[in-house]
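Worksheet for the structure shown next.
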Amino acid sequence: MEIRKETVADFEAIMNVTLAAAKLHQVGKLGGYHTLNEMRKSGMLALSLVAEIDGTIVGHAAFFPLRVTAGDKGWYALGSISVLPECQSQGIRKALIAEGLEILRSMHGRGVAIVGDPDYFKPLGFLNAPQLAARQADADGIMVMPFDNRMPYGRFEFPEAFMSVQ
């Protein structure tokens, strides 16, 4: 498996992976698919990675800039992350996340946040951070990985396109 940054030639395959994963998990309104489309259209992708096996894109992860109300800079959101249904449970999602975190560290990012399942993200090193939720509805699912062991000041404000499908 190779993990690399997306290219323009990958867009259709990325959308197919995202759509297939959304259908499998019955995501309301195919959330990841629509989020990715909106974020790409608005130019907000900070980092977009693909996992490729034998020339076929089987997974994708997207990271977006994240606004912190107190002005803390350098934070990112792990947005859409998808793996083809027939390729799930092979460590592809974890590999995409790990590579994304490493690249964002090298870009001098401060850390990454996600609204996600604590049972999945805690073993990857993410911490519960309900105090950082701008919306009460997200408090239980806010997970954060600060790269320098310092939590941000303020609250996270995820891009509107991201939150509209949560």
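- Residues A62 and F64 come closest through the heavy atom pair CB-CZ, 3.8 Å.
- Side-chain contact between E6 and L49 is absent, with no heavy-atom pair separated by less than 4.5 Å.
- Atom-to-atom distance recorded for S82:OG and I92:CD1 is 12.0 Å, nearest 0.5 angstrom.
- Two different hydrophobic clusters hold F11 and L45 under the rule that ILVMFWY side chains link at heavy-atom gaps under 4.5 Å.
- At least one side-chain heavy atom of P146 sits under 4.5 Å from a side-chain heavy atom of W75.
- Two residues are said to be in side-chain contact when any heavy atoms from C-beta on lie closer than 4.5 Å; I97 and V112 fail this criterion.
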Q: Apply side chain to side chain contact (heavy atoms under 4.5 Å, CB included) to H60 and I81, showing your working.
A: CA-CA 6 Å; H60 175 258; I81 182 159; over 6 Å; no

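- Using a 4.5 Å cut-off on side-chain heavy atoms (C-beta onward), E52 and V58 make no contact.
- In terms of heavy atoms, P118 sits closest to P123 at O-CD, 4.1 Å.
- Residues Y76 and M107 form a side-chain contact, since some pair of their non-hydrogen atoms from C-beta on lies under 4.5 Å apart.
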Q.
What verdict does the side chain to side chain contact (heavy atoms under 4.5 Å, CB included) test give for K94 and L124, after you've listed the backbone C-alpha separation in whole Å, the side-chain angles of each residue and the deciding distance to 0.1 Å?
A. CA-CA 8 Å; K94 288 179 183 177; L124 300 179; 3.8 Å; yes

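- In this structure the side chain of N128 reaches within 4.5 angstrom of the side chain of K122, judged on heavy atoms.
- Residues M143 and G116 approach most closely at CG-O, 4.3 Å, considering heavy atoms.
- Within a 6.0 Å sphere centred on CG of D117, other residues, nucleotides and ligands contribute more than 12 heavy atoms.
- For E12, the CD atom counts as loosely surrounded, since its 6.0 Å shell holds 12 or fewer non-hydrogen atoms of other residues, nucleotides or ligands.
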**Q.** Test log, rule side chain to side chain contact (heavy atoms under 4.5 Å, CB included), inputs I57 and R4
**A.** CA-CA 10 Å; I57 292 176; R4 61 175 175 78; 4.1 Å; yes

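- Between H108 atom NE2 and F147 atom CZ the span is 12.0 Å, to the nearest 0.5 Å.
- Rounding to the nearest 0.5 Å places CE of M1 at 13.5 Å from OG1 of T56.
- With hydrogens and angles disregarded, a donor-acceptor distance shorter than 3.5 Å links the side chain of Q88 to the backbone of V83.
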Q) Please walk me through it: do I14 and V50 pass side chain to side chain contact (heavy atoms under 4.5 Å, CB included)? A) CA-CA 8 Å; I14 290 169; V50 295; 3.6 Å; yes

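- Across all non-hydrogen atoms, the minimal contact from L66 to A113 is CD2-CB, 3.6 Å.
- The heavy-atom pair separating A51 from L96 by the smallest distance is N-CD2, 3.8 Å.
- In summary, K5 and D10 do not engage in a salt bridge, as defined by a charged side-chain N under 4.0 Å from a carboxylate O.
- Within the 4.5 Å cutoff, the side chain of K73 has no heavy atoms near those of the R110 side chain.
- Using a 4.5 Å cut-off on side-chain heavy atoms (C-beta onward), F126 and L101 make contact.
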